[in-house]
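Atoms within each ligand, like the ligands themselves, are counted from 1 in listed order.
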Amino acid sequence: MSKPELWVIAERRLDHVESTTQQLITKAKSLAGDHFNVVTILLEATTDHLEDELSAYGPDEIRIARDDRFPTATDAELADAIKQLVDQYQPNSILFGATITGRSIAPRLQAKLQTGLTADCLDLRFDDETLVATKPSYGDNIMCEIICPDHLPQMATVRPNTFVATPAAGAATVTDSPVTFHPVDRLQVTAATPVVNTATTVGDATRVVALGRGAASAATIDSATKLAEKLGGRIGVSRPLTDQPRFTHDDQIGQSGNTIHPELIVNFGISGAVQYLVGMQDSQTIVAVNADENAPIFDVADYGYVGDAQAFMTALLAQFN
Ligand SMILES: Cc1cc2nc3c(=O)[nH]c(=O)nc-3n(C[C@H](O)[C@H](O)[C@H](O)COP(=O)(O)OP(=O)(O)OC[C@H]3O[C@@H](n4cnc5c(N)ncnc54)[C@H](O)[C@@H]3O)c2cc1C
């Protein structure tokens, strides 16, 4: 008997695959074990080869529907095409990135399929063939595990950067699966102008200088800015600092901010509340500077310094100079 299918819907961003897709393939592989087939669904133009950006992450199969209208199709048209594939293959579960596009297509598909969708998940696991999706709820005050036991497919959107994409061995089978493109003429895209944003966000940075309430003075923020420049990185903050005019929610790390996995994060004056830690604890190298030797941030740190944030920064900058 063939294995149940766990789908990852590949998302296109301009002429590439959105990085959340690769993150979801890695997670799907780890969930699947020998029990599920991980199938990536790709809707692309006849001359596109976006599958080349997916195969290195080890899905069992990349199933492609081709139509030259897909790259500029509306979310309603894409949802219609995916619905046709669902009807044909009856997957067990479907994962989308909780991106602007994923958040738009997934509920349209859910409505067509009359099944359940858990949005904005921070973790996933399977209990036998039941997808258990973890997400913050009630104003982010509790983490809920949500299941959809009575309907298939089970669906979830997952927050970008929740999982780390890791190349995996194994050659994916690439198959074509034709669908009929049904134009939805209520809405027509007449032109697409991509937003050009050259600034890196804290989610993109490979090195992060993170500031908390214990490193919030103007002088310390100035030193941190210099340090971030020297490191070729960017400043991120814990929640209390988003009250300062220099920072916004976009700079926030944590459960209700960004999930990040930089190669280096240096935390200054951050206690290490669980809501902060979930956003950064998978960083490759974690350094913590805190005046309190019992601060929980030291539990996840590879290197720690007990002392004053400003003094440490000044000494470190002197090393660079
Ligand atoms: C639903 C919910 C969601 C949340 N989401 C997030 C989130 O996404 N991100 C987030 O960050 N928080 C979040 N929080 C808040 C979180 O619980 C903490 O309150 C917050 O992370 C604390 O920030 P902090 O570590 O900067 O401040 P504090 O906890 O006040 O810690 C300050 C630290 O600075 C140290 N310190 C003081 N002076 C110095 C000095 N001179 N030098 C060095 N160290 C010094 C202290 O020892 C202390 O450990 C959330 C809370 C809730 C309830």
Side-chain angles (χ1 to χ4, degrees), residues 98 118-123 133-146 157-163 201-205 207-228 231 233-262 264-283 286-319:
T118 308
D120 208 23
C121 299
L122 291 177
D123 203 4
T134 305
K135 65 162 289 175
S137 290
Y138 295 102
D140 274 5
N141 281 308
I142 56 167
M143 298 293 262
C144 283
E145 288 194 329
I146 297 181
T157 65
V158 179
R159 203 179 281 187
N161 295 322
T162 298
F163 306 119
T201 69
V202 71
D204 300 328
R207 293 169 191 174
V208 173
V209 175
L211 303 178
R213 196 166 2 222
S217 72
T220 304
I221 294 172
D222 283 345
S223 299
T225 307
K226 288 184 193 135
L227 184 58
L231 291 170
R234 199 181 183 287
I235 292 187
V237 296
S238 66
R239 187 151 98 174
L241 267 75
T242 58
D243 293 337
Q244 294 216 8
R246 282 181 70 164
F247 301 112
T248 69
H249 178 258
D250 287 349
D251 304 307
Q252 183 182 318
I253 299 163
Q255 177 184 314
S256 46
N258 291 279
T259 304
I260 62 171
H261 311 281
L264 172 69
I265 180 167
V266 191
N267 300 277
F268 291 98
I270 294 177
S271 58
V274 64
Q275 296 89 354
Y276 175 79
L277 296 181
V278 292
M280 50 63 74
Q281 62 196 357
D282 292 329
S283 305
I286 301 175
V287 179
V289 178
N290 196 299
D292 175 5
E293 64 179 329
N294 296 315
I297 190 78
F298 288 125
D299 296 341
V300 299
D302 300 293
Y303 302 95
Y305 174 81
V306 180
D308 179 56
Q310 176 67 62
F312 186 93
M313 256 185 239
T314 306
L316 191 54
L317 282 168
Q319 295 290 321

What atoms of ligand 1 come closer than 4.0 angstrom to any heavy atom of [X]?
X	result
G257	8 (O)
I253	7 (C), 8 (O), 9 (N), 10 (C), 11 (O)
I270	25 (O)
G212	26 (O)
D308	40 (C), 41 (N), 42 (N)
Q255	7 (C), 8 (O)
G214	32 (C), 34 (O), 36 (N), 37 (C), 38 (N), 39 (C), 40 (C), 41 (N), 42 (N), 45 (C)
D292	47 (O)

Give a yes or no answer on whether the side chain of [X] reaches the backbone of [Y] with a donor-acceptor pair at less than 3.5 Å.
X	Y	value
R213	P240	no
N290	G307	no
Q281	V300	no
Q310	T220	yes
H249	T242	no
N258	Q252	yes
R159	Q255	yes

> From S238 OG over to L277 CG, what is the distance, rounded to the nearest 0.5 angstrom?
Replying inline: 11.0 Å
>> To the nearest 0.5 Å, what is the distance between CD1 on I142 and CD on E145?
In response: 11.0 Å
Please check whether [X] reaches ligand 1 - meaning an N/O of the residue sits under 3.5 Å from an N/O of the ligand, judged on distance alone.
X	answer
V237	no
G269	yes
A309	yes
L241	no

> So is G279 close enough to ligand 1, meaning a heavy atom under 4.0 angstrom away?
Replying inline: no
>> Strictly below 4.0 Å, N to O, side chains only: are R246 and D222 in salt-bridge contact?
In response: yes
Return the option from [options] holding the heavy atom at the smallest distance from [atom].
atom	options	result
atom 48 (C) of ligand 1	N290, L277, I297	N290
atom 27 (O) of ligand 1	M143, E293, R239, R213	R213
atom 43 (C) of ligand 1	G272, S238, G307, A215	G307

> Of the backbone atoms (N, CA, C, O) and the side-chain heavy atoms from C-beta on, which set of S256 has a member under 4.0 Å from an atom of ligand 1: side chain, backbone, both, or neither?
Replying inline: both
> What do we get for Q310 next to ligand 1 when only non-hydrogen atoms under 4.0 Å count, side chain, backbone, both or neither?
Replying inline: neither
> Are I221 and L211 close enough that some pair of their side-chain heavy atoms sits under 4.5 Å apart?
Replying inline: yes
